[in-house]
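First comes the structure, then the notes that go with it.
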Amino acid sequence: MDETEFWELIDSSREGAEGDPEEQADLLVERLVQLDPDSVLDFARHFEARYNRAYRWDLWGAAAVLLGGASDDAFDYFRCWLIGQGREVFEGALHDPDDLAELLDDFDEEIDGDGEELGYAADEAYEQLTGVVAPDLGLPPQPTEPLGSPVDFEDDEALAARYPELWDRFAPR
């Protein structure tokens, strides 16, 4: 599976789920079980590589603005959700997290920002296809600390200054 096929699966499942991350995960599993196990592992490698690329302080700060705070777990699920938004949103957010203000049509923290189930879709599909747990993907582990300079998630003034567009549009009032 190449990168284009990976993003096509992400996009088609998101569109089919009408933006609901849990429904998107279910649709993704349905589509992945139609592939062979090696293709499912390829999908998992693409997903994990992007998940690790998004382990950055600046993106964590953007998640904190959108979610009104972001614990370790919340940021993990946010990164899965971000991948689920498709290539344009994902790459745009990595280029400049404040651009999420323009890249997202809307953000409902009751539904959006938590893509935990998306992170398990390939594992679930692989297990359904083979009856065994997916093997190690052979990718380097995520860094022990996020890349970049730490962000103080408790300092509203610093967050507003760092993410002016996001803050104006999505910060809790």
Side-chain angles (χ1 to χ4, degrees), residues 1-4 6-11 13-14 19 21-22 24-25 28 41-123 134 136-173:
M1 171 176 303
D2 65 19
E3 187 174 11
T4 299
F6 168 80
W7 286 116
E8 286 172 354
L9 280 167
I10 293 290
D11 290 342
S13 63
R14 184 185 66 258
E22 288 184 22
Q24 182 180 4
L28 194 51
L41 291 177
D42 286 344
F43 177 91
R45 284 184 194 95
H46 282 290
F47 194 96
E48 189 75 15
R50 279 148 192 82
Y51 178 80
N52 289 343
R53 269 183 65 206
Y55 194 54
R56 298 175 13 180
W57 282 114
D58 60 349
L59 202 52
W60 199 337
V65 171
L66 286 165
L67 299 170
S71 67
D72 291 358
D73 287 343
F75 183 52
D76 289 346
Y77 306 153
F78 178 84
R79 290 184 289 154
C80 292
W81 173 84
L82 187 62
I83 294 166
Q85 299 312 293
R87 187 180 205 165
E88 180 183 348
V89 173
F90 179 79
E91 294 295 341
L94 263 60
H95 175 72
D96 182 353
D98 197 39
D99 285 350
L100 282 168
E102 295 174 24
L103 294 167
L104 298 175
D105 292 331
D106 198 9
F107 189 87
D108 179 350
E109 66 181 76
E110 295 296 316
I111 299 169
D112 297 322
D114 182 349
E116 178 181 9
E117 298 303 318
L118 288 170
Y120 300 121
D123 291 336
D136 182 77
L137 298 174
L139 296 174
Q142 127 180 321
T144 55
E145 286 291 317
L147 298 176
S149 300
V151 175
D152 182 354
F153 307 138
E154 304 298 318
D155 184 343
D156 287 351
E157 288 181 19
L159 289 173
R162 171 62 184 89
Y163 308 99
E165 302 296 322
L166 267 180
W167 188 266
D168 286 346
R169 186 159 175 222
F170 295 113
R173 304 284 178 225

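Everything quoted here is computed from the prediction, not taken from an experiment.
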Review point. Heavy-atom distance under 4.5 Å between the side chains of Leu67 and Phe75, does that happen here?
Key: no
Review point. Do the rings of Phe6 and Phe47 sit parallel, tilted or perpendicular, given the 30° and 60° boundaries?
Key: perpendicular
Practice item. Of all the heavy-atom pairs spanning Tyr163 and Gly61, show the shortest one and how long it is. Key: OH-CA, 3.3 Å
Exercise for review: Could you tell me whether Glu91 and Arg50 have a side-chain N and a carboxylate O separated by less than 4.0 Å?
Suggested key: no
**Study point:** Met1 side chain reached by Arg45 side chain, heavy atoms, under 4.5 Å
**Key:** no
Revision key, fill the gap. For Ala25 and Ala121, the nearest pair of non-hydrogen atoms, with its separation, is O-CB, 4.2 Å
**Study point:** Heavy-atom pair of closest approach, residues Arg169 and Leu104
**Key:** NH1-O, 2.8 Å
**Study point:** Between CZ on residue Arg162 and CG on residue Asp152, distance to nearest 0.5 Å
**Key:** 14.0 Å
Study note, to complete from the structure: d(Leu66 CG, Asp112 CG) to nearest 0.5 Å is 9.0 Å
Check your understanding: Roughly how far, to the nearest 0.5 Å, is CZ of Phe78 from CG of Asp73?
Key -> 15.0 Å
Point to revise | Check: Trp57 and Ser149 side chains under 4.5 Å, non-hydrogen atoms | key: no
Exercise for review: Check whether any side-chain heavy atom of Leu82 lies under 4.5 Å from a side-chain heavy atom of Leu59, and answer yes or no.
Suggested key: yes
Check your understanding: To the nearest 0.5 Å, what is the distance between CD (Glu22) and CD1 (Ile111)?
Key -> 10.0 Å
Point to revise | Closest non-hydrogen atom pair, Tyr55 against Glu145 | key: CE2-C, 3.5 Å
Check your understanding: Quick check: does any side chain N or O of Gln24 sit under 3.5 Å from a backbone N or O of Ile10, one acting as donor and the other as acceptor?
Key -> yes
Point to revise | Closest approach of Glu88 to Leu103 (non-hydrogen atoms, all atoms of both residues) | key: OE2-CD2, 4.1 Å
Check your understanding: With side chains defined as the heavy atoms from C-beta onward, is the minimum distance between Arg56 and Leu94 less than 4.5 Å?
Key -> yes
Exercise for review: Give the intermediate values and the outcome of side chain to side chain donor-acceptor pair (under 3.5 Å) for residues Tyr51 and Asp76.
Suggested key: CA-CA 8 Å; Tyr51 178 80; Asp76 289 346; 3.2 Å; yes
Point to revise | Nearest heavy atoms of Trp81 and Phe107, plus distance in Å | key: CH2-CE1, 3.6 Å
Practice item. Hey, could you give me the CG/CD distance between Asp42 and Glu3, rounded to the nearest 0.5 Å? Key: 12.5 Å
Practice item. Could you check Leu118 against Ile83 for side chain to side chain contact (heavy atoms under 4.5 Å, CB included), going step by step and ending with a plain yes or no? Key: CA-CA 9 Å; Leu118 288 170; Ile83 294 166; over 6 Å; no
Review point. Given side chains that start at C-beta, do those of Trp7 and Asp2 come closer than 4.5 Å, heavy atoms only?
Key: no
Point to revise | Spacing of Leu147 atom CG and Asp58 atom CG [to the nearest 0.5 Å] | key: 9.0 Å
Review point. Distance-only, no hydrogens or angles: does the Trp60 side chain make a donor-acceptor pair with backbone N or O of Ala70 under 3.5 Å?
Key: yes
Review point. Are any side-chain N or O atoms of Asp114 and backbone N or O atoms of Tyr77, one a donor and one an acceptor, separated by less than 3.5 Å?
Key: no
